[in-house]
Amino acid sequence: MSQRKSRRKFLGSAVAGIGMATLGAHVRVEAVTPSGQQASSAAATTTQRRAAPPIVVASGNGVAAVSKAVEMLRAGSDTLDAVIAGVNINELDPKDNSVGYGGLPNERCDVELDASVMHGPTRRAGAVASLRGVREPSKVARMVLERTDHILIVGQGAREFATAHGFEDTSLLTEESRLAWLRWKETMSGMDKWGPSQYIPAPASPAGEKRLAAERQRASYRLAETYAGGDVKRREELLAWADEVALKPPTGTINCLALDSAFDISGVTTTSGLAWKIPGRVGDSPLIGCGLYVDNDTGAAGSTGRGEEVIYINGARTIVEFMRQGMGPEQACLEALKLIARRYGNDLEKLKDIDVNFYALNKRGDYAGAAIWSHTVSSQGEKRRRQFAFADAQGGRLLDSAFLFERR
Ligand code: ASP
(Lines give C-alpha, C1' and ligand atoms only; values in the text may rest on other atoms or scores of the structure.)
Protein backbone atom coordinates (compact mmCIF):
# COMPACT_ATOMS: atom_id res chain seq x y z
CA MET A 1 0.00 0.00 0.00
CA SER A 2 1.33 3.45 -0.87
CA GLN A 3 2.21 5.88 1.89
CA ARG A 4 -0.57 8.12 0.66
CA LYS A 5 -3.13 5.42 0.99
CA SER A 6 -1.96 4.26 4.38
CA ARG A 7 -2.15 7.78 5.73
CA ARG A 8 -5.60 8.24 4.35
CA LYS A 9 -6.54 5.00 6.03
CA PHE A 10 -6.10 6.75 9.34
CA LEU A 11 -9.30 8.64 8.68
CA GLY A 12 -10.74 6.05 6.34
CA SER A 13 -11.24 3.54 9.12
CA ALA A 14 -13.76 5.93 10.64
CA VAL A 15 -16.18 5.52 7.77
CA ALA A 16 -15.59 1.88 7.00
CA GLY A 17 -18.73 1.09 8.94
CA ILE A 18 -21.09 3.17 6.84
CA GLY A 19 -21.81 0.33 4.48
CA MET A 20 -23.75 0.44 1.30
CA ALA A 21 -27.33 0.30 2.48
CA THR A 22 -29.42 0.48 -0.63
CA LEU A 23 -32.24 -1.10 -2.55
CA GLY A 24 -35.86 -0.31 -2.95
CA ALA A 25 -36.90 2.80 -4.79
CA HIS A 26 -39.64 5.31 -4.70
CA VAL A 27 -40.03 5.15 -8.45
CA ARG A 28 -39.45 2.47 -11.00
CA VAL A 29 -35.74 2.07 -11.69
CA GLU A 30 -33.91 -1.07 -12.68
CA ALA A 31 -31.16 -0.92 -10.09
CA VAL A 32 -28.02 -3.04 -9.95
CA THR A 33 -27.33 -4.14 -6.39
CA PRO A 34 -23.80 -4.49 -5.00
CA SER A 35 -23.95 -8.22 -5.72
CA GLY A 36 -24.67 -7.40 -9.35
CA GLN A 37 -28.26 -8.68 -9.33
CA GLN A 38 -30.96 -6.67 -10.97
CA ALA A 39 -33.50 -5.30 -8.54
CA SER A 40 -36.63 -3.54 -9.56
CA SER A 41 -38.09 -0.91 -7.28
CA ALA A 42 -41.20 -1.37 -5.21
CA ALA A 43 -43.74 1.19 -6.27
CA ALA A 44 -44.14 3.93 -8.79
CA THR A 45 -45.73 6.55 -6.59
CA THR A 46 -45.26 10.27 -6.60
CA THR A 47 -46.68 12.73 -4.15
CA GLN A 48 -48.37 15.86 -5.38
CA ARG A 49 -47.94 18.85 -3.11
CA ARG A 50 -49.74 22.08 -3.88
CA ALA A 51 -50.21 25.34 -1.96
CA ALA A 52 -51.62 28.77 -2.65
CA PRO A 53 -48.91 31.30 -3.48
CA PRO A 54 -46.88 33.03 -2.27
CA ILE A 55 -44.76 29.94 -1.68
CA VAL A 56 -41.02 29.41 -1.33
CA VAL A 57 -39.00 26.20 -1.65
CA ALA A 58 -35.35 25.70 -0.67
CA SER A 59 -32.75 23.11 0.22
CA GLY A 60 -32.87 21.57 3.71
CA ASN A 61 -30.60 24.26 5.20
CA GLY A 62 -33.10 26.92 4.16
CA VAL A 63 -35.89 27.05 6.75
CA ALA A 64 -34.87 30.54 7.89
CA ALA A 65 -34.43 31.58 4.25
CA VAL A 66 -37.88 30.42 3.10
CA SER A 67 -39.50 31.97 6.17
CA LYS A 68 -37.86 35.31 5.46
CA ALA A 69 -38.67 35.15 1.74
CA VAL A 70 -42.34 34.28 2.22
CA GLU A 71 -42.71 37.04 4.77
CA MET A 72 -41.32 39.52 2.23
CA LEU A 73 -43.58 38.20 -0.54
CA ARG A 74 -46.60 38.56 1.71
CA ALA A 75 -45.55 42.17 2.26
CA GLY A 76 -45.44 42.70 -1.51
CA SER A 77 -41.72 42.30 -2.30
CA ASP A 78 -40.46 41.20 -5.69
CA THR A 79 -39.64 37.47 -5.90
CA LEU A 80 -35.93 38.05 -6.63
CA ASP A 81 -35.49 40.43 -3.70
CA ALA A 82 -37.24 37.90 -1.46
CA VAL A 83 -35.12 34.87 -2.38
CA ILE A 84 -31.87 36.84 -2.20
CA ALA A 85 -32.76 38.22 1.25
CA GLY A 86 -33.55 34.64 2.27
CA VAL A 87 -30.23 33.11 1.20
CA ASN A 88 -28.28 36.07 2.61
CA ILE A 89 -29.04 34.53 6.02
CA ASN A 90 -27.05 31.40 5.07
CA GLU A 91 -24.33 33.36 3.27
CA LEU A 92 -23.62 35.38 6.41
CA ASP A 93 -23.92 32.44 8.81
CA PRO A 94 -20.42 31.23 9.79
CA LYS A 95 -21.93 27.91 10.88
CA ASP A 96 -23.20 27.07 7.40
CA ASN A 97 -19.94 25.73 6.01
CA SER A 98 -21.22 25.21 2.47
CA VAL A 99 -22.25 28.78 1.70
CA GLY A 100 -20.65 32.25 1.83
CA TYR A 101 -18.77 33.26 4.99
CA GLY A 102 -17.52 30.11 6.75
CA GLY A 103 -17.76 28.03 3.56
CA LEU A 104 -15.08 25.32 3.35
CA PRO A 105 -12.11 26.40 1.22
CA ASN A 106 -10.45 24.95 -1.84
CA GLU A 107 -7.29 22.83 -1.71
CA ARG A 108 -5.15 25.98 -1.23
CA CYS A 109 -7.28 27.17 1.69
CA ASP A 110 -8.94 29.93 -0.34
CA VAL A 111 -12.72 30.20 -0.18
CA GLU A 112 -14.14 30.55 -3.69
CA LEU A 113 -17.86 31.20 -4.04
CA ASP A 114 -20.35 30.56 -6.85
CA ALA A 115 -23.84 32.06 -7.18
CA SER A 116 -26.59 32.57 -9.74
CA VAL A 117 -29.90 34.41 -9.82
CA MET A 118 -32.82 34.40 -12.26
CA HIS A 119 -35.73 36.82 -12.41
CA GLY A 120 -38.75 35.27 -14.13
CA PRO A 121 -40.88 38.33 -14.93
CA THR A 122 -38.05 40.14 -16.78
CA ARG A 123 -36.48 36.90 -18.08
CA ARG A 124 -32.95 37.79 -16.96
CA ALA A 125 -30.07 35.95 -15.29
CA GLY A 126 -26.81 36.83 -13.57
CA ALA A 127 -24.03 34.75 -12.03
CA VAL A 128 -20.54 34.76 -10.57
CA ALA A 129 -18.09 31.90 -10.14
CA SER A 130 -14.82 31.44 -8.21
CA LEU A 131 -15.46 34.77 -6.53
CA ARG A 132 -13.27 35.61 -3.53
CA GLY A 133 -13.72 37.95 -0.60
CA VAL A 134 -17.47 38.67 -0.78
CA ARG A 135 -19.70 37.15 1.88
CA GLU A 136 -22.92 37.53 -0.12
CA PRO A 137 -22.09 36.44 -3.69
CA SER A 138 -25.80 36.32 -4.58
CA LYS A 139 -25.81 40.13 -4.39
CA VAL A 140 -22.92 40.29 -6.87
CA ALA A 141 -24.81 37.88 -9.16
CA ARG A 142 -27.76 40.26 -8.99
CA MET A 143 -25.42 43.12 -10.00
CA VAL A 144 -24.38 41.08 -13.04
CA LEU A 145 -28.07 40.68 -13.90
CA GLU A 146 -28.95 44.33 -13.32
CA ARG A 147 -25.83 46.25 -14.31
CA THR A 148 -24.21 44.34 -17.19
CA ASP A 149 -24.87 42.89 -20.55
CA HIS A 150 -23.35 39.56 -19.40
CA ILE A 151 -24.68 36.56 -17.53
CA LEU A 152 -21.59 34.99 -15.91
CA ILE A 153 -18.40 36.64 -14.60
CA VAL A 154 -15.66 34.51 -13.01
CA GLY A 155 -12.51 34.63 -10.89
CA GLN A 156 -10.45 37.80 -10.82
CA GLY A 157 -12.90 39.49 -13.17
CA ALA A 158 -15.73 38.77 -10.73
CA ARG A 159 -13.62 40.12 -7.87
CA GLU A 160 -12.89 43.34 -9.78
CA PHE A 161 -16.53 43.67 -10.78
CA ALA A 162 -17.56 43.28 -7.12
CA THR A 163 -15.00 45.88 -6.03
CA ALA A 164 -16.29 48.29 -8.69
CA HIS A 165 -19.75 47.93 -7.17
CA GLY A 166 -18.54 48.64 -3.66
CA PHE A 167 -18.23 45.11 -2.25
CA GLU A 168 -15.29 45.09 0.19
CA ASP A 169 -12.66 42.39 0.00
CA THR A 170 -13.14 40.51 3.29
CA SER A 171 -11.93 37.22 4.71
CA LEU A 172 -14.34 34.32 4.28
CA LEU A 173 -12.37 31.81 6.32
CA THR A 174 -13.50 31.03 9.87
CA GLU A 175 -11.28 29.37 12.46
CA GLU A 176 -13.39 26.24 12.10
CA SER A 177 -13.01 25.99 8.35
CA ARG A 178 -9.27 26.66 8.64
CA LEU A 179 -9.01 23.82 11.16
CA ALA A 180 -10.93 21.46 8.88
CA TRP A 181 -8.68 22.38 5.97
CA LEU A 182 -5.53 21.78 8.06
CA ARG A 183 -6.84 18.42 9.18
CA TRP A 184 -7.56 17.49 5.55
CA LYS A 185 -4.14 18.75 4.45
CA GLU A 186 -2.24 16.85 7.13
CA THR A 187 -3.97 13.56 6.51
CA MET A 188 -4.14 13.75 2.74
CA SER A 189 -0.84 12.16 1.87
CA GLY A 190 2.24 10.59 3.41
CA MET A 191 4.28 11.84 0.49
CA ASP A 192 4.13 15.54 1.29
CA LYS A 193 5.62 17.53 4.14
CA TRP A 194 2.42 18.27 6.05
CA GLY A 195 1.77 16.63 9.41
CA PRO A 196 4.29 15.04 11.80
CA SER A 197 7.49 13.86 10.10
CA GLN A 198 7.73 10.25 8.99
CA TYR A 199 11.39 10.26 10.07
CA ILE A 200 11.48 10.57 13.82
CA PRO A 201 14.90 9.62 15.28
CA ALA A 202 15.13 7.26 18.24
CA PRO A 203 14.89 9.38 21.42
CA ALA A 204 18.27 9.78 23.19
CA SER A 205 16.85 9.72 26.71
CA PRO A 206 13.71 8.88 28.70
CA ALA A 207 12.91 12.59 28.70
CA GLY A 208 13.07 12.60 24.89
CA GLU A 209 10.78 9.60 24.74
CA LYS A 210 8.33 11.23 27.12
CA ARG A 211 8.41 14.39 25.09
CA LEU A 212 7.63 12.50 21.85
CA ALA A 213 4.76 10.62 23.46
CA ALA A 214 3.29 13.88 24.74
CA GLU A 215 3.71 15.47 21.33
CA ARG A 216 1.95 12.59 19.63
CA GLN A 217 -0.91 13.05 22.04
CA ARG A 218 -1.01 16.75 21.47
CA ALA A 219 -0.20 17.01 17.80
CA SER A 220 -3.71 16.81 16.50
CA TYR A 221 -5.16 18.64 19.48
CA ARG A 222 -2.97 21.66 18.90
CA LEU A 223 -4.99 22.58 15.85
CA ALA A 224 -8.04 23.05 18.00
CA GLU A 225 -6.36 24.28 21.16
CA THR A 226 -6.19 27.96 20.37
CA TYR A 227 -9.78 27.95 19.29
CA ALA A 228 -11.43 25.89 21.97
CA GLY A 229 -9.08 27.05 24.76
CA GLY A 230 -9.28 24.86 27.85
CA ASP A 231 -12.66 23.42 26.95
CA VAL A 232 -11.69 19.80 26.33
CA LYS A 233 -15.17 18.71 25.28
CA ARG A 234 -15.44 21.51 22.74
CA ARG A 235 -11.94 20.68 21.46
CA GLU A 236 -12.85 17.03 20.99
CA GLU A 237 -16.09 17.94 19.23
CA LEU A 238 -14.24 20.32 16.95
CA LEU A 239 -11.68 17.70 16.03
CA ALA A 240 -14.34 15.08 15.41
CA TRP A 241 -16.16 17.53 13.14
CA ALA A 242 -12.94 18.47 11.35
CA ASP A 243 -12.11 14.79 10.76
CA GLU A 244 -15.60 14.16 9.46
CA VAL A 245 -15.50 16.98 6.92
CA ALA A 246 -11.86 16.28 6.01
CA LEU A 247 -12.77 12.78 5.02
CA LYS A 248 -16.30 13.25 3.82
CA PRO A 249 -16.68 16.85 2.68
CA PRO A 250 -20.28 17.78 3.33
CA THR A 251 -22.49 18.79 0.46
CA GLY A 252 -24.36 21.97 1.06
CA THR A 253 -25.30 25.02 -0.96
CA ILE A 254 -28.63 26.78 -0.77
CA ASN A 255 -31.10 26.92 -3.63
CA CYS A 256 -34.24 29.00 -3.09
CA LEU A 257 -37.22 29.39 -5.46
CA ALA A 258 -40.27 31.61 -5.02
CA LEU A 259 -43.68 32.00 -6.61
CA ASP A 260 -45.71 35.08 -5.64
CA SER A 261 -49.44 35.67 -5.78
CA ALA A 262 -49.10 37.35 -9.21
CA PHE A 263 -47.63 33.99 -10.36
CA ASP A 264 -44.17 35.45 -10.99
CA ILE A 265 -41.15 33.30 -10.20
CA SER A 266 -37.49 33.89 -9.26
CA GLY A 267 -34.66 31.76 -7.96
CA VAL A 268 -31.15 31.85 -6.53
CA THR A 269 -28.42 29.30 -5.85
CA THR A 270 -25.35 30.17 -3.78
CA THR A 271 -22.48 28.02 -2.53
CA SER A 272 -18.84 27.68 -1.56
CA GLY A 273 -18.82 24.61 -3.82
CA LEU A 274 -17.10 21.36 -3.05
CA ALA A 275 -14.65 21.49 -0.17
CA TRP A 276 -10.97 20.98 -1.10
CA LYS A 277 -11.72 21.54 -4.79
CA ILE A 278 -9.03 22.42 -7.30
CA PRO A 279 -8.79 26.23 -7.44
CA GLY A 280 -10.98 27.52 -10.24
CA ARG A 281 -13.30 24.51 -10.19
CA VAL A 282 -16.82 25.65 -10.98
CA GLY A 283 -19.83 23.58 -9.94
CA ASP A 284 -23.42 23.59 -11.07
CA SER A 285 -24.63 26.42 -8.82
CA PRO A 286 -23.58 29.42 -10.98
CA LEU A 287 -24.39 27.71 -14.27
CA ILE A 288 -27.76 28.76 -15.64
CA GLY A 289 -29.69 25.62 -16.53
CA CYS A 290 -27.66 23.42 -14.16
CA GLY A 291 -27.93 24.60 -10.53
CA LEU A 292 -30.79 26.99 -11.33
CA TYR A 293 -33.39 27.60 -13.98
CA VAL A 294 -36.50 29.79 -14.01
CA ASP A 295 -39.08 30.00 -16.78
CA ASN A 296 -41.82 32.38 -15.74
CA ASP A 297 -44.35 30.58 -17.97
CA THR A 298 -43.70 27.16 -16.46
CA GLY A 299 -41.79 27.00 -13.19
CA ALA A 300 -38.36 26.83 -11.62
CA ALA A 301 -35.84 24.26 -10.46
CA GLY A 302 -32.52 24.18 -8.63
CA SER A 303 -30.07 21.75 -7.12
CA THR A 304 -27.58 20.97 -4.39
CA GLY A 305 -25.10 18.13 -4.14
CA ARG A 306 -22.48 16.83 -6.52
CA GLY A 307 -22.37 19.58 -9.13
CA GLU A 308 -20.56 17.54 -11.76
CA GLU A 309 -23.58 15.23 -12.09
CA VAL A 310 -25.98 18.13 -12.36
CA ILE A 311 -23.85 19.83 -14.99
CA TYR A 312 -23.67 16.61 -16.98
CA ILE A 313 -27.45 16.37 -17.30
CA ASN A 314 -28.15 20.14 -17.26
CA GLY A 315 -30.33 19.40 -14.23
CA ALA A 316 -32.46 22.47 -13.59
CA ARG A 317 -33.22 23.20 -17.25
CA THR A 318 -34.07 19.54 -17.80
CA ILE A 319 -36.56 19.59 -14.91
CA VAL A 320 -38.23 22.77 -16.12
CA GLU A 321 -38.49 21.28 -19.59
CA PHE A 322 -40.08 18.10 -18.14
CA MET A 323 -42.58 20.34 -16.33
CA ARG A 324 -43.26 22.28 -19.53
CA GLN A 325 -44.13 18.96 -21.15
CA GLY A 326 -46.66 18.28 -18.39
CA MET A 327 -44.93 16.52 -15.49
CA GLY A 328 -45.47 17.70 -11.92
CA PRO A 329 -42.41 19.01 -10.06
CA GLU A 330 -41.78 15.78 -8.12
CA GLN A 331 -41.99 13.55 -11.14
CA ALA A 332 -39.80 15.95 -13.13
CA CYS A 333 -37.14 15.94 -10.38
CA LEU A 334 -37.20 12.13 -10.15
CA GLU A 335 -36.94 11.77 -13.92
CA ALA A 336 -33.87 14.01 -13.90
CA LEU A 337 -32.35 11.97 -11.06
CA LYS A 338 -32.92 8.84 -13.13
CA LEU A 339 -30.76 10.37 -15.86
CA ILE A 340 -27.93 10.58 -13.33
CA ALA A 341 -28.50 6.99 -12.19
CA ARG A 342 -28.53 5.88 -15.83
CA ARG A 343 -25.10 7.44 -16.35
CA TYR A 344 -23.82 4.79 -13.92
CA GLY A 345 -25.92 1.98 -15.39
CA ASN A 346 -28.11 2.19 -12.24
CA ASP A 347 -25.26 0.51 -10.38
CA LEU A 348 -25.93 1.26 -6.72
CA GLU A 349 -22.35 0.51 -5.74
CA LYS A 350 -21.16 3.27 -8.05
CA LEU A 351 -23.97 5.60 -7.04
CA LYS A 352 -23.60 5.11 -3.31
CA ASP A 353 -21.50 8.23 -2.69
CA ILE A 354 -23.26 10.40 -5.24
CA ASP A 355 -25.52 12.86 -3.58
CA VAL A 356 -27.80 15.07 -5.69
CA ASN A 357 -30.94 16.93 -4.59
CA PHE A 358 -33.39 18.79 -6.76
CA TYR A 359 -36.06 21.33 -5.83
CA ALA A 360 -38.83 22.56 -8.09
CA LEU A 361 -42.09 24.46 -8.23
CA ASN A 362 -44.50 25.27 -11.01
CA LYS A 363 -46.81 28.10 -11.90
CA ARG A 364 -49.81 26.39 -10.25
CA GLY A 365 -48.17 26.20 -6.83
CA ASP A 366 -47.10 22.54 -7.05
CA TYR A 367 -43.71 22.02 -5.43
CA ALA A 368 -41.25 19.27 -4.57
CA GLY A 369 -37.85 18.24 -3.32
CA ALA A 370 -36.25 14.99 -4.47
CA ALA A 371 -32.93 13.25 -3.87
CA ILE A 372 -31.06 10.26 -5.23
CA TRP A 373 -30.89 8.77 -1.74
CA SER A 374 -33.55 8.70 0.97
CA HIS A 375 -31.05 9.43 3.76
CA THR A 376 -27.58 10.77 4.39
CA VAL A 377 -25.27 8.79 6.65
CA SER A 378 -22.51 10.39 8.72
CA SER A 379 -19.18 8.65 9.33
CA GLN A 380 -20.58 7.76 12.76
CA GLY A 381 -23.32 5.86 10.95
CA GLU A 382 -26.02 8.38 11.85
CA LYS A 383 -28.88 8.31 9.33
CA ARG A 384 -30.72 11.49 8.42
CA ARG A 385 -33.79 11.70 6.21
CA ARG A 386 -33.33 13.92 3.15
CA GLN A 387 -35.56 16.96 3.52
CA PHE A 388 -36.25 20.28 1.86
CA ALA A 389 -37.51 23.59 3.20
CA PHE A 390 -40.89 25.02 2.32
CA ALA A 391 -42.90 28.09 3.32
CA ASP A 392 -46.41 29.34 2.66
CA ALA A 393 -48.93 31.28 4.74
CA GLN A 394 -48.26 28.78 7.58
CA GLY A 395 -44.57 29.73 7.72
CA GLY A 396 -41.37 27.76 7.11
CA ARG A 397 -40.85 24.05 7.77
CA LEU A 398 -39.00 20.95 6.63
CA LEU A 399 -40.68 18.30 4.48
CA ASP A 400 -39.40 14.87 3.44
CA SER A 401 -37.91 14.74 -0.04
CA ALA A 402 -38.95 12.14 -2.58
CA PHE A 403 -36.10 9.79 -3.50
CA LEU A 404 -34.90 7.27 -6.03
CA PHE A 405 -33.22 4.81 -3.70
CA GLU A 406 -33.79 3.91 -0.08
CA ARG A 407 -30.59 3.85 1.96
CA ARG A 408 -30.87 1.03 4.44
N1 ASP B 1 -23.59 21.75 -5.91
C2 ASP B 1 -22.43 22.33 -5.27
C3 ASP B 1 -21.28 22.25 -6.21
O4 ASP B 1 -21.11 21.23 -6.88
C5 ASP B 1 -22.01 21.67 -4.02
C6 ASP B 1 -23.05 21.22 -3.07
O7 ASP B 1 -24.23 21.48 -3.22
O8 ASP B 1 -22.68 20.58 -2.09
O9 ASP B 1 -20.50 23.17 -6.24
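Every number for a ligand or one of its atoms is a count from 1 in the order of the listing.
- Side chains of D366 and N362: a donor-acceptor N/O pair is present below 3.5 angstrom, by distance only.
- Between K233 and E236 there is no side-chain heavy-atom pair separated by less than 4.5 Å.
- Heavy atoms from other residues, nucleotides or ligands lying under 6.0 Å from CZ of R50 number more than 12.
- For the pair L399/Y367, a side-chain contact is recorded, criterion being any heavy-atom separation below 4.5 Å from C-beta on.
- Of the candidates D400, T376, D355, R386 forms a side-chain hydrogen bond (donor to acceptor under 3.5 Å, both in side chains) with just one, namely D355.
- Aromatic ring orientation, Y359 versus F388: tilted (interplanar angle from 30° to 60°).
- Protein residues lining ligand 1, listed by chain and number: T251, G252, T253, G273, L274, R281, G283, D284, S285, T304, G305, G307 [non-hydrogen atoms, distance under 4.0 Å].
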